[in-house]
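See structure below.
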Number of protein chains: 2
Amino acid sequence: MPPFDMGRVRDKGAAAETTPCGACPVRTLTVCAALEADEVRRLADIVQMQRMEGNQTIFAEGDQADALFNVTSGTVKLYKLLPDGRRQITGFLVTGDFLGLAMNESYAYSAETVTPTSLCRFPRRKMEALLDEFPKMQRRLFSMASNELAAAQDQMLLLGRKTAREKICSFLLMLSQRQSRRGHKENPVYVPMSRADIADYLGLTTETVSRTFTQLKTSQAISLQEGNRIQIADMDGIYDMAEGV
Amino acid sequence: MPPFDMGRVRDKGAAAETTPCGACPVRTLTVCAALEADEVRRLADIVQMQRMEGNQTIFAEGDQADALFNVTSGTVKLYKLLPDGRRQITGFLVTGDFLGLAMNESYAYSAETVTPTSLCRFPRRKMEALLDEFPKMQRRLFSMASNELAAAQDQMLLLGRKTAREKICSFLLMLSQRQSRRGHKENPVYVPMSRADIADYLGLTTETVSRTFTQLKTSQAISLQEGNRIQIADMDGIYDMAEGV
DNA sequence: CGTCTCGTTGAGTCCGCTCAATTTTGGTGG
DNA sequence: CCACCAAAATTGAGCGGACTCAACGAGACG
């Protein structure tokens with residue numbers, strides 16, 4: 001056992017922690033991709049690596065927003081709560097995603113890890129100073145925010161107008177497309193989150209999520225595999241069902 | 001009748017069209033607020049004023065995105081459609097709001113006027129060139145995108161987890177707060193959009209919207225006034241109902 | 001005055017929810 | 001390696017809130 005174990009022991013890419021950004025394996029996926037070598041070094045000066053287990057709170061809605069994050073591995077969920085405990089998950093972040101786009105002085109949502117996760121932590125003030133220096137980075141961040149906004153609108157369409165089956169199919173396709181954009185195969189789809197998380201993301205209950213998976217399984221459209229993976233057998237069918245065709 | 005009637009006749013602030021930006025009455029509300037006088041002049045060089053009646057299409061989802069807009073008066077709705085015609089309105093824009101935050105090469109949603117509307121139209125390429133020149137403006141736009149993102153998350157909570165009554169109450173409060181932020185009274189609330197638009201914004205049907213208004217009216221929480229105005233009689237009660245308390 | 005659109009109201013249905021009971025999974029210790 | 005337990009997922013039964021379908025009323029407009 002090492003003298004300190006902030007979780008680094010299980011990180012195969014631990015080199016990233018000693019040379020924080022230059023050797024970062026996910027740099028091309030994220031904000032940092034916009035930067036030159038010397039700019040990356042400036043970023044490395046202010047960044048702190050952070051590793052967390054699953055189901056840990058990163059920050060809570062209303063907390064003073066004094067840091068931004070970049071997810072370098074793992075999955076994170078963002079959510080908002082109603083006073084009586086009803087929860088809406090507004091997004092799942094994966095490797096390369098930026099955490100902290102929507103915030104003023106305080107965070108507008110809570111963030112929790114789903115799986116064990118590595119984060120780059122940027123103190124907010126220093127980050128803002130850096131943004132003023134590097135318009136390219138600012139631009140990149142703006143473009144990411146634009147994409148987020150477009151995704152948010154898709155999600156509104158889903159929540160407001162789609163049936164349970166359409167929601168589940170859309171969800172599977174979203175995960176599939178996301179992992180293929182990240183350079184993985186589109187199939188099988190890795191689904192690390194619980195039924196409860198899926199339900200709170202899609203505006204359903206865990207029972208309905210479960211029943212809908214069963215239906216899709218029975219109709220041979222998908223098959224559940226080990227390790228939280230789902231094989232989409234009938235990709236075209238799922239596509240059509242996602243839009244109600 | 002004037003020789004040309006692109007709608008200007010009904011615009012009391014028609015001066016804005018002759019000195020496009022310098023004299024713009026809503027400049028402090030929007031992107032342009034970030035700019036110096038000489039920068040505003042540069043912006044004025046590329047802007048076109050545009051006036052439209054109600055229920056006109058500004059652009060459609062999938063159209064090539066070659067312009068951005070600023071709403072200088074009136075109300076605009078943004079929406080997405082499913083193949084079978086189901087519609088989700090993702091937002092209502094009013095005076096000072098920026099139109100075109102979420103887009104790549106093509107628009108991610110359709111935009112239609114609700115009431116007669118004035119727009120500043122910015123050709124996209126020229127706008128992008130200007131953004132590179134004026135980081136302040138870029139920054140302002142980023143900050144607006146952040147706010148939009150936070151609002152989108154609130155809307156997801158509403159769509160995914162709130163009941164019909166909670167949705168209607170939240171909607172009224174949103175309109176009330178928006179108009180008080182614009183310097184108007186918080187009450188009565190101006191509601192220019194149809195029941196169908198409200199329904200498609202809240203993920204309900206027109207019948208349910210109508211029934212819920214009737215309930216709130218019956219319970220003395222609100223009263224409908226002439227001119228599409230709604231008086232919130234029990235502001236605290238509506239607040240509580242908006243969050244299910 | 002007739003027509004058309006929009007909003008309201010009523011009656012009945014259904015999809016997804018609630019409540020409850022199993023079954024399965026994954027982690028722990030013997 | 002297996003037994004045990006708690007947590008998660010699945011399945012069942014019945015209910016209810018919002019939907020569908022339909023009728024009716026109220027303005028707006030020609």
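Protein chains get the first letters and strands the later ones, always in sequence-line order, with residue 1 at the start of each.
Take Tyr201(A) and apply the ring-ring contact (aromatic ring centres under 6.0 Å, His included) test, not counting sequence neighbours, and it matches Phe92(A), Phe171(A). Taking the salt bridge (charged side-chain N to carboxylate O under 4.0 Å, His left out) definition, one finds that Arg178(B) meets it with nothing, sequence neighbours left out.
Few gaps surround CZ on Arg86(A); more than 12 heavy atoms of other groups in view lie less than 6.0 Å from it. Under a cut-off of 6.0 angstrom, the local environment of CZ in Arg165(B) is sparse, with at most 12 non-hydrogen atoms contributed by other residues, nucleotides or ligands. Other residues, nucleotides and ligands contribute at most 12 non-hydrogen atoms within 6.0 Å of the CD atom of Gln64(A).
Taking five base pairs at each end of the helix from dC1(C)-dG30(D) to dG30(C)-dC1(D), the local helix axes there meet at an angle of 40°, rounded to 10°.
Taking 4.5 Å as the limit, some side-chain heavy atom of Leu119(A) sits within range of a side-chain heavy atom of Val71(A). Between Ile230(B) and Phe213(B), some side-chain heavy-atom pair lies under the 4.5 Å cut-off.
In this structure, Leu224(B) places its CG atom 15 Å from P of dA26(D), rounding to the nearest Å. When rounded to the nearest whole Å, the span between CD of Glu226(B) and P of dG27(D) equals 11 Å. Distance, Arg195(B) CZ to dA26(D) P: 16 Å, rounded to whole Å. One atom, CZ of Arg86(A), and another, P of dG17(D), lie 13 Å apart when rounded to the nearest Å. Atom CZ of Arg165(B) and atom P of dA18(D) are 10 Å apart (whole Å).
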### Task
Under the side-chain contact (heavy atoms from CB on, under 4.5 Å) rule, what do Ile58(B) and Thr117(B) come out as? Steps first, then yes or no, please.
CA-CA 10 Å; Ile58(B) 303 173; Thr117(B) 297; 5.6 Å; no

### Task
Go through the steps to decide whether Leu99(B) and Leu78(B) satisfy the test side-chain contact (heavy atoms from CB on, under 4.5 Å), and finish with yes or no.
CA-CA 9 Å; Leu99(B) 171 51; Leu78(B) 311 182; 3.5 Å; yes

### Task
Under the salt bridge (charged side-chain N to carboxylate O under 4.0 Å, His left out) rule, what do Lys162(A) and Asp154(A) come out as? Steps first, then yes or no, please.
CA-CA 11 Å; Lys162(A) 290 191 179 180; Asp154(A) 279 332; over 6 Å; no

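Arg182(B) contributes no side-chain N or O that, together with a main-chain N or O of Gln177(B), makes up a donor-acceptor pair within less than 3.5 Å.
Ring geometry for Phe59(A) versus Tyr107(A): interplanar angle under 30°, hence parallel rather than tilted (30 to 60°).
For DNA chain C, the neighbouring residues in residues 201-219 of chain B, judged by any heavy atom under 4.0 Å, are Glu207(B), Ser210(B), Arg211(B), Thr214(B). A heavy atom closer than 4.0 Å to some atom of DNA chain C occurs in Thr163(A), Ala164(A), these being the qualifying members of residues 154-164 of chain A.
When the options Arg211(B), Lys167(B), Arg195(B) are evaluated for a side-chain contact (heavy atoms from CB on, under 4.5 Å) with Leu204(B), the one that passes is Lys167(B).
Heavy-atom contacts of chain B under 4.0 Å fall on DNA chain C between two terminal nucleotides, which in 5' to 3' order are dG7(C) to dA11(C).
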